[in-house]
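Chain A is the first sequence line, chain B the second, and so forth, proteins listed ahead of strands; every chain is numbered from 1.
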Amino acid sequence: MPSSLSSRRSKKIHHTFTHHIHPQACRTLEQHPKNMAESPITARTKDFAAWYQDVVLSGDMAEPAEIVKGCMVIRPNGYAVWEVLQRELDTRFKETGHQNVYFPLLIPQSFLQKEAEHVEGFAPELAVVTIAGGKKLEEPYVIRPTSETIIGHFFAKWIQSYRDLPLLYNQWANVIRWELRTRMFLRTTEFLWQEGHTAHSSHEEAKEEVLRMLDVYADVAENVMAMPVIKGVKTNNEKFAGALRSFCIESMMQNGLALQAGTSHDLGQNFGKAFDVKFQSKEGQLDYVWQTSWGVSTRLIGGLIMSHSDDKGLVLPPKLAPNKSVLVPIYRKDEERASVLETASKIAKEIGAKLDDREGQNPGAKFYHWERRGVPVVLELGPRDVASGNIVMKRRDTGAKEILPQADVAAKLPVLLDQMQKDLFASAQKRLKDNTVLANSIGEVEEILKTVTAEKGGGKFVMAHIKDDAVCDARVKEFKATIRCIPLQDEYDGPGNCIVTGEPVSHRVVVAKAY
RNA sequence: CGGGCUGUGGCGCAGCCUGGUAGCGCGCUUGCUUGGGGUGCAAGAGGUCCCGGGUUCGAAUCCCGGCAGCCCGACCA
């Protein structure tokens with residue numbers, strides 16, 4: 001099968017070498033003069049978007065499906081990361097009292113139309129099934145873009161009394177949204193996600209739930225993915241179709257672009273009314289339920305990649321790495337092979353490392369192999385180490401090598417992994433801080449953001465006083481930026497006057513270009 | 001959905017302008033060799049040149065249509 005994708009990238013590299021011929025490029029070539037078993041990775045500074053593609057492909061994370069527009073195949077390393085993420089999230093969902101459920105993939109078309117804003121928001125991106133079993137369906141089904149409607153239908157069936165509340169459900173599922181422009185993990189036609197759906201007897205309780213789950217997302221993003229986030233509220237203009245309020249976590253990628261990493265919606269009684277989900281209160285009053293929904297998707301993996309990876313390929317934070325460490329044995333002769341492998345397998349077993357005992361591959365080839373797949377720590381064990389009782393330990397992010405006694409590795413490895421996790425978070429946090437700037441006029445904001453692109457980078461989070469008003473959203477959109485969120489916590493200078501309308505606002509908002 | 005670029009063994013590419021039976025590097029297989037960052041040698045396998053139509057004695061090459069990918073824009077969780 002042709003890979004037009006790679007060919008395009010490669011062509012770019014070719015152009016760069018022939019036309020510009022900067023010394024750096026030549027040096028890069030000299031470093032890899034021999035067999036390039038796998039494709040080179042475009043440098044971030046050269047073309048961030050191409051770099052991202054290269055990392056996804058060479059990291060064995062995913063590839064474009066090609067035969068299905070806008071869809072991707074999630075490859076073993078990518079899916080393994082997703083499984084770790086799922087586990088981390090799911091554990092927290094359970095801890096906060098939620099149960100997993102599963103609803104149909106197909107939703108009667110009329111359901112979408114019951115909530116006016118919802119249908120308006122999703123209609124353009126629906127895929128619809130009109131024929132099934134060889135016959136035209138009386139009523140078409142839409143393939144779910146999200147499940148508020150079908151779940152609303154069942155909530156109405158299951159809820160009668162305040163005693164049935166709260167209903168705290170979560171669904172792991174795939175959804176389809178017919179997006180016009182797709183990028184692997186960041187926006188694909190079909191994607192995997194979880195969607196939480198809850199129903200409550202009071203707005204207060206629902207709002208608590210919304211913030212609780214936002215906190216769960218922030219916790220996973222920062223403490224598992226090592227990806228710092230800003231918790232905030234979307235402007236009315238940017239909120240979820242059908243919600244009262246949408247909360248989000250926003251993170252900054254290495255090119256300074258924003259990525260919405262998760263959302264939690266206060267649906268109010270909108271879907272309760274649309275699907276007639278009523279309950280009788282303790283006082284005997286009939287009222288509509290207050291609902292929430294919240295979700296994160298495989299997009300998180302895109303964020304993970306663009307947060308930590310480098311020009312050598314994928315970098316995975318230890319807590320998300322399917323293989324935290326890999327041990328590469330090195331040997332020359334058969335008698336060396338036997339003793340090295342014996343020690344290596346003993347150590348690997350002891351510390352839970354994957355032993356790369358593949359034959360016919362040089363150690364060097366193995367190092368490259370694991371490097372571009374983001375394995376946090378690679379251990380090297382050769383005849384010299386067997387003799388001396390040492391082992392070599394190398395971390396992926398800094399490239400630092402350490403020689404230590406084999407007896408110490410079981411104790412040192414977890415410490416190193418922990419340190420790497422912390423360092424990755426710290427450097428991502430530093431980047432966020434370094435690239436966050438204040439602006440006090442809309443012209444200034446525009447000046448900072450107007451030339452920013454996904455390829456060239458240079459993106460910033462611009463903190464400015466801007467009112468939550470459609471006029472302001474439109475003004476910011478003129479230079480292709482958006483108000484990412486109104487932070488829940490003001491870390492700056494408090495109230496000020498809106499730089500578009502002049503009206504007073506409580507604090508600065510985040511303006512940025514985004515994926 | 002509009003604009004630009006692209007699609008040739010598994011991967012990266014050349015060939016296309018100026019039509020004449022498809023080539024290179026890497027990978028792959030086998031054997032030997034080598035092994036602390038992509039080891040070397042030898043022999044071999046592998047291709048509907050994205051799909052469909054047209055022009056032509058003859059199409060990877062020219063023309064038309066479609067599909068897919070990447071970037072920009074519009075759209076969008």
Side-chain angles (χ1 to χ4, degrees), chain A residues 1-15 31-40 42 47-50 52-54 57-58 63-72 121-125 145-146 175 177-184 186-189 191 193 195 234 238-241 243 246 248 250 259-265 293-297 299 312 328-333 336-337 340 359-372 378-386 390-392 394 399 401 403 453-456 477 480 482 484 514-515:
Chain A
M1 277 288 116
S3 175
S4 45
L5 175 120
S6 320
S7 80
R8 196 195 130 272
R9 195 240 316 113
S10 186
K11 203 145 237 173
K12 268 192 182 170
I13 291 170
H14 179 71
H15 285 323
Q31 277 168 0
H32 304 282
K34 298 173 185 166
N35 311 326
M36 295 296 285
E38 296 169 87
S39 313
T42 307
D47 183 337
F48 192 86
Y52 175 75
Q53 290 286 326
D54 292 342
L57 291 168
S58 65
E63 66 182 54
E66 293 192 325
I67 47 162
V68 187
K69 187 183 171 73
C71 292
M72 64 176 170
F122 281 103
E125 41 186 297
T146 180
V175 291
R177 298 180 184 178
W178 214 258
E179 303 285 358
L180 296 175
R181 185 175 178 185
T182 56
R183 306 176 202 238
M184 282 190 284
L186 301 173
R187 177 172 288 108
T188 45
T189 301
F191 56 95
W193 78 342
E195 44 180 329
K234 284 292 180 193
E238 295 273 326
K239 70 175 198 230
F240 176 74
S246 287
C248 63
E250 293 285 331
L259 183 76
Q260 180 177 298
T263 47
S264 187
H265 312 293
S293 68
W294 27 274
V296 295
S297 70
R299 166 181 264 201
K312 291 174 178 172
V328 176
I330 298 155
Y331 42 79
R332 238 180 277 260
K333 300 156 192 159
E336 283 176 351
R337 180 176 177 274
V340 165
E359 291 296 338
Q361 286 255 42
N362 283 333
K366 291 179 180 178
F367 296 146
Y368 279 100
H369 179 85
W370 297 113
E371 182 170 73
R372 50 177 54 212
V378 172
L379 299 139
E380 308 173 19
L381 186 85
R384 295 204 300 259
D385 305 303
V386 172
N390 287 331
I391 188 163
V392 180
K394 183 181 181 184
K401 266 188 187 180
I403 300 172
T453 66
E455 302 67 51
K456 290 184 216 146
K477 202 174 175 182
K480 296 166 188 19
T482 43
R484 299 313 303 158
Y515 277 102

Trainee: Using side chain to side chain contact (heavy atoms under 4.5 Å, CB included) as the criterion, list what pairs up with A:Arg337, not counting sequence neighbours.
Mentor: A:Tyr331, A:Asp334, A:Leu341, A:Glu359

Trainee: Can you measure A:Arg372 atom CZ to B:C11 atom P for me and round it to whole angstrom units?
Mentor: 15 Å

Trainee: Provide, to the nearest angstrom, the distance between the CZ atom belonging to A:Arg183 and the C1' atom belonging to B:G73.
Mentor: 12 Å

Trainee: For B:A60 versus B:U48, give the span between their P atoms, rounded off to a whole number of Å.
Mentor: 13 Å

Trainee: Among B:G36, B:G38, B:C70, find the nucleotide with the atom closest to the side chain of A:Thr182.
Mentor: B:C70

Trainee: Would you please confirm or rule out a distance under 4.0 Å between OP1 or OP2 of B:G36 and any side-chain N or O of A:Arg384?
Mentor: no

Trainee: Take atom CD1 of A:Ile391 and atom C1' of B:G36, then tell me their distance rounded to the nearest Å.
Mentor: 13 Å

Trainee: To the nearest 0.5 Å, tell me how far A:Lys312 NZ sits from A:Ser58 OG.
Mentor: 13.5 Å

Trainee: Listing time: all N or O pairs from protein to nucleotides 29-32 of chain B that are below 3.5 Å?
Mentor:
none

Trainee: Under the side chain to side chain contact (heavy atoms under 4.5 Å, CB included) rule, collect the residues that match up with A:Arg187, sequence neighbours excluded.
Mentor: A:Glu179, A:Arg299

Trainee: List in chain and number order the residues that pass side chain to side chain contact (heavy atoms under 4.5 Å, CB included) with A:Ile330, two or more places apart in sequence or in another chain; answer none if no residue qualifies.
Mentor: A:Pro363, A:Phe367, A:Glu380

Trainee: May I ask you to evaluate whether A:Lys366 reaches the phosphate of B:U39, defined as a side-chain N or O under 4.0 Å from OP1 or OP2?
Mentor: no

Trainee: So does A:Lys401 get a side-chain nitrogen or oxygen closer than 4.0 Å to the phosphate oxygens (OP1/OP2) of B:G36?
Mentor: no

Trainee: Using a heavy-atom cut-off of 4.0 Å across all strands, would you classify A:Val328 as base, sugar-phosphate, or nothing?
Mentor: nothing

Trainee: Determine whether a donor-acceptor pair (N or O, by modelled atom type, separation under 3.5 Å) exists between the side chain of A:Asp54 and the backbone of A:Thr42.
Mentor: yes

Trainee: Over how many whole Å does the gap from A:Asn390 atom CG to B:G36 atom P extend?
Mentor: 19 Å

Trainee: Whole angstroms only, please: what is the CD-C1' distance between A:Glu336 and B:U34?
Mentor: 12 Å

Trainee: Which whole-number value in Å describes the distance from A:Glu66 CD to B:U6 P?
Mentor: 17 Å

Trainee: In chain order, what residues pass the ring-ring contact (aromatic ring centres under 6.0 Å, His included) check against A:Trp370, with sequence neighbours excluded?
Mentor: none

Trainee: A:Glu250 or A:Gln361: which one's nearest nucleotide on RNA chain B is closer to the 5' end?
Mentor: A:Gln361

Trainee: Which value, rounded to the nearest 0.5 Å, describes the distance between A:Trp294 atom CH2 and A:Glu195 atom CD?
Mentor: 10.0 Å

Trainee: What nucleotide, of B:G36, B:C76, B:C71, holds the atom closest to the side chain of A:Gln53?
Mentor: B:C71

Trainee: Hunt down the Watson-Crick or G-U wobble partner of B:G73, both distances under 3.5 Å, from any strand shown, or write none.
Mentor: B:C1

Trainee: For the side chain of A:Glu380, counting heavy atoms from C-beta on, which of B:G35, B:G36, B:C76 is nearest?
Mentor: B:G36

Trainee: By nearest atom, which of the nucleotides B:G73, B:G36, B:U34 is closest to the A:Pro383 side chain?
Mentor: B:G36

Trainee: Can you check the distance between B:U6 and B:C63, where both ends of the measurement are the P atom (answer in whole Å)?
Mentor: 13 Å

Trainee: When you match A:Ile330 and A:Lys480 each to their closest nucleotide on RNA chain B, which lands nearer the 5' end?
Mentor: A:Ile330

Trainee: Kindly write out the residues that satisfy side chain to side chain contact (heavy atoms under 4.5 Å, CB included) with A:Thr189, not counting sequence neighbours, or none if the list is empty.
Mentor: A:Cys71, A:Ile176, A:Trp178, A:Thr182

Trainee: In whole Å, I'd like the distance from the CG atom of A:Leu180 to the P atom of B:A74.
Mentor: 12 Å

Trainee: In terms of side-chain heavy atoms of A:Lys477, which of B:U39, B:C70, B:C75 is nearest?
Mentor: B:C75

Trainee: Nearest-Å distance, CG (A:Leu57) to C1' (B:G10)?
Mentor: 14 Å

Trainee: Please classify the nucleic acid contact of A:Gly70 as base, sugar-phosphate, or nothing, using heavy-atom distances under 4.0 Å.
Mentor: sugar-phosphate

Trainee: Quick one: which of B:C76, B:C71, B:G36 gets closest to the side chain of A:Asp385?
Mentor: B:G36

